Number of protein chains: 2
Amino acid sequence: MKYNDYISVDCVIFGFDFENLNVLVVERTLRDENGVEEFSDLTLTGNHIYEDETINDAANRVLFDLTGLTGIYLEQFKTFAHPDRLKKENDRKWLLHDGRNPDKRIVSIGHFALLSKRDVTLQWKGRNVKWVPYHEIGELAFDHNEILEKAVVALREKVKHEPIGFELLPEKFTLTQLQRVYEIILGTEFDKRNFRKKVSRMKYLIPLDEKQTGVAHKPARLYMFSRDVYEKTKKELIDFWV
Amino acid sequence: MKYNDYISVDCVIFGFDFENLNVLVVERTLRDENGVEEFSDLTLTGNHIYEDETINDAANRVLFDLTGLTGIYLEQFKTFAHPDRLKKENDRKWLLHDGRNPDKRIVSIGHFALLSKRDVTLQWKGRNVKWVPYHEIGELAFDHNEILEKAVVALREKVKHEPIGFELLPEKFTLTQLQRVYEIILGTEFDKRNFRKKVSRMKYLIPLDEKQTGVAHKPARLYMFSRDVYEKTKKELIDFWV
DNA sequence: CCAAAAGTGTTTAGTATACACCCATGT
DNA sequence: ACATGGGTGTATACTAAACACTTTTGG
């Protein structure tokens, strides 16, 4: 199957581990003909699309290749096509080495994906893939720092208005875990009692007859998110006013 | 200057006239070598980008060419790149006639723009450009119906959470006009007294010492939006709960 | 003087915020 | 027994929703 050489998808894959928002990155190491390392840095995950593939399929393919998972929460959030986005010195070298034309303008369609780090074992497939906490990410290849920042902004906006925090947790989760998701994404803290009062009004958050086990404290009740109930009960909110 | 032949921007230009949400469309008429019309339909406004141009600049250029205006509210909302998006019979004919390759996959980066219809006199430049009320738009060329629908969805979401309704009104507007903007975009009705109570809490909505003139009823006070005040007073809202 | 839209207040229900203690489990 | 996080209620302030009449202008 033939790749399209000017359309790519990049995926900012967020993985939550109850402590940090982590980002999945790939090591990129360029070696000269003698195998001596010229440089090594990190990129976001992405790929070109096949000629007859939709961008949504391509993004899901990238996710599947790295995680082996399907049905992951995935959202297209912004497209990047600045004329100079691949023109840093190392990026040109990398593309040339890879047999690609560094002067070809490539559109990257940015996506973000949400998953629970606990649900995934990474598929290495020859490339070194790893989780890095968002706040510890340094300089990335290409324009990937910009893509990451825009992804985080999009995630913050989305999480404020739609119930997607659950996507970063395992299927069954505790209310404290849910609260941490929101606190970490939004960079705030909530009062436990008020938070629980709020969520108790969300019918789509289903309490289970099941508790945590193996924790050195009172075990917490587990909850599930029901998209069905959400779709049936959601109201339109209007809050454009400050 | 050379166009890039695989990256285009499409702009869904919304123009409000106090009654309808209108969309700016362009007539596309294909004639054979004898000048006989083969078909005629409508497209959204858009263009290819120049090789050294950012997508934001390209979208603003499209807006400027049609309206003569700069500084219009403009937002990139979604990118369209389905392999079959240009492959309807009429679209292939049109592209061929235009000397373009209908099999080349073209990415379209979708934007929407907001303006007051009253502020603009259209620049024709040989092509027939016109306003059509959103609800009266029929079948459009290419995948432009899909782009339009997605633009409307994006507009509705955005308008619920950020103060952009003003962008569809002239600089000075009445509260009733503002109410109509929201009612028409969201397809609901608001109580006049409650609406005014809400907006009176928005510090960034500045009452002027000026009234409507020439209306056959009690003239309404005019208001302005202040982005300055908005940026200084906005709070973070969290409403992911139903 | 008539038509048309502007402008204004109160009541009730619901939501937001602030705040402190006892409980169940593993070690 | 102690350390750890789980789980709960009340009072006050603010916001939402429902609802009807008088005012000002042009024609």
Side-chain angles (χ1 to χ4, degrees), chain A residues 16-19 160-161 163 169-170 172-184 186 188-224 233-242, chain B residues 17-19 160-161 163 169-170 172-184 186-224 233-242:
Chain A
F16 187 66
D17 58 7
F18 306 130
E19 289 185 1
K160 283 193 277 182
H161 307 300
L169 293 169
K172 300 171 180 180
F173 51 85
T174 72
L175 294 185
T176 299
Q177 289 166 354
L178 184 62
Q179 188 176 336
R180 291 258 177 289
V181 167
Y182 285 94
E183 288 178 339
I184 286 172
L186 298 173
T188 50
E189 298 204 349
F190 297 108
D191 174 85
K192 185 163 53 156
R193 280 172 293 188
N194 292 339
F195 184 85
R196 289 158 112 93
K197 243 178 296 174
K198 258 182 169 165
V199 300
S200 72
R201 261 177 259 131
M202 307 179 202
K203 304 274 168 46
Y204 50 82
L205 198 59
I206 318 286
L208 304 175
D209 287 328
E210 211 174 324
K211 303 202 164 189
Q212 275 183 314
T213 51
V215 287
H217 54 76
K218 178 169 174 178
R221 176 183 281 263
L222 296 175
Y223 288 76
M224 271 187 59
T233 60
K234 76 174 166 187
K235 297 189 206 104
E236 293 299 314
L237 293 163
I238 300 161
D239 63 5
F240 66 93
W241 17 74
V242 169
Chain B
D17 58 6
F18 307 130
E19 290 185 1
K160 283 193 276 181
H161 307 299
L169 293 169
K172 299 171 181 179
F173 51 85
T174 71
L175 294 185
T176 299
Q177 289 166 353
L178 184 63
Q179 188 177 337
R180 292 258 178 288
V181 168
Y182 285 94
E183 288 178 340
I184 287 172
L186 299 173
T188 52
E189 297 205 350
F190 297 108
D191 175 84
K192 184 162 55 156
R193 277 170 295 187
N194 292 338
F195 184 86
R196 290 159 111 94
K197 244 178 293 174
K198 258 183 171 164
V199 300
S200 72
R201 262 177 258 129
M202 308 177 201
K203 305 275 168 44
Y204 52 80
L205 199 57
I206 316 287
L208 302 175
D209 287 328
E210 211 173 324
K211 305 201 162 187
Q212 276 184 314
T213 52
V215 287
H217 55 77
K218 179 170 173 178
R221 177 183 281 264
L222 296 174
Y223 288 76
M224 271 186 61
T233 60
K234 75 172 166 189
K235 296 189 209 105
E236 293 300 315
L237 293 164
I238 300 160
D239 62 6
F240 66 93
W241 16 75
V242 167

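The figures here come from the full heavy-atom set of this structure, side chains too, leaving out hydrogens, waters and symmetry mates. These numbers come from a predicted model, not from an experiment.
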Between atom [atom1] in [X] and atom [atom2] in [N], what is the gap in whole Å?
{"X": "B:R196", "N": "C:dT10", "atom1": "CZ", "atom2": "C1'", "answer": "18 Å"}
{"X": "A:E210", "N": "D:dG6", "atom1": "CD", "atom2": "C1'", "answer": "17 Å"}
{"X": "A:M202", "N": "C:dT15", "atom1": "CE", "atom2": "P", "answer": "12 Å"}
{"X": "A:Q179", "N": "D:dG6", "atom1": "CD", "atom2": "C1'", "answer": "12 Å"}
{"X": "B:L175", "N": "C:dT8", "atom1": "CG", "atom2": "C1'", "answer": "12 Å"}
{"X": "B:F195", "N": "C:dA5", "atom1": "CZ", "atom2": "P", "answer": "17 Å"}
{"X": "B:E189", "N": "D:dA16", "atom1": "CD", "atom2": "P", "answer": "19 Å"}
{"X": "B:F18", "N": "C:dA5", "atom1": "CZ", "atom2": "P", "answer": "14 Å"}

**Report entry** side-chain hydrogen bond (donor to acceptor under 3.5 Å, both in side chains) against A:E210, all qualifying residues, sequence neighbours excluded
**Finding:**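 So A:E210 forms a side-chain hydrogen bond (donor to acceptor under 3.5 Å, both in side chains) with A:K172.
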Report task. Describe the nucleic acid contact of B:R221 in one word from base, sugar-phosphate, nothing, applying a heavy-atom distance below 4.0 Å. Result ->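 It contacts sugar-phosphate atoms only.
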Query raised in the report: Within a reach of under 6.0 Å around CD of B:E183, are more than 12 heavy atoms found that belong to other residues, nucleotides or ligands?
Result: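 Enclosed.
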Requested in this report: Could you tell me whether the phosphate oxygens of D:dG6, OP1 or OP2, come under 4.0 Å of any side-chain nitrogen or oxygen in A:T176?
Outcome: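 A:T176 to D:dG6 OP1/OP2: side-chain N or O found under 4.0 Å.
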Query - Base-contact (B) and sugar-phosphate-only (S) positions in nucleotides 17-27 of chain C, heavy-atom cut-off under 4.0 Å, - elsewhere - result: BBBB--BBBS-
Query raised in the report: Looking at A:L208, A:L175, A:L169, which one forms a side-chain contact (heavy atoms from CB on, under 4.5 Å) with A:Y223?
Result: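 Among A:L208, A:L175, A:L169, the one that satisfies the side-chain contact (heavy atoms from CB on, under 4.5 Å) with A:Y223 is A:L175.
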So, do [X] and [Y] sit near enough that their side-chain heavy atoms are less than 4.5 Å apart?
{"X": "A:F16", "Y": "A:R180", "result": "yes"}
{"X": "A:T176", "Y": "A:R196", "result": "yes"}
{"X": "A:L205", "Y": "A:M224", "result": "no"}

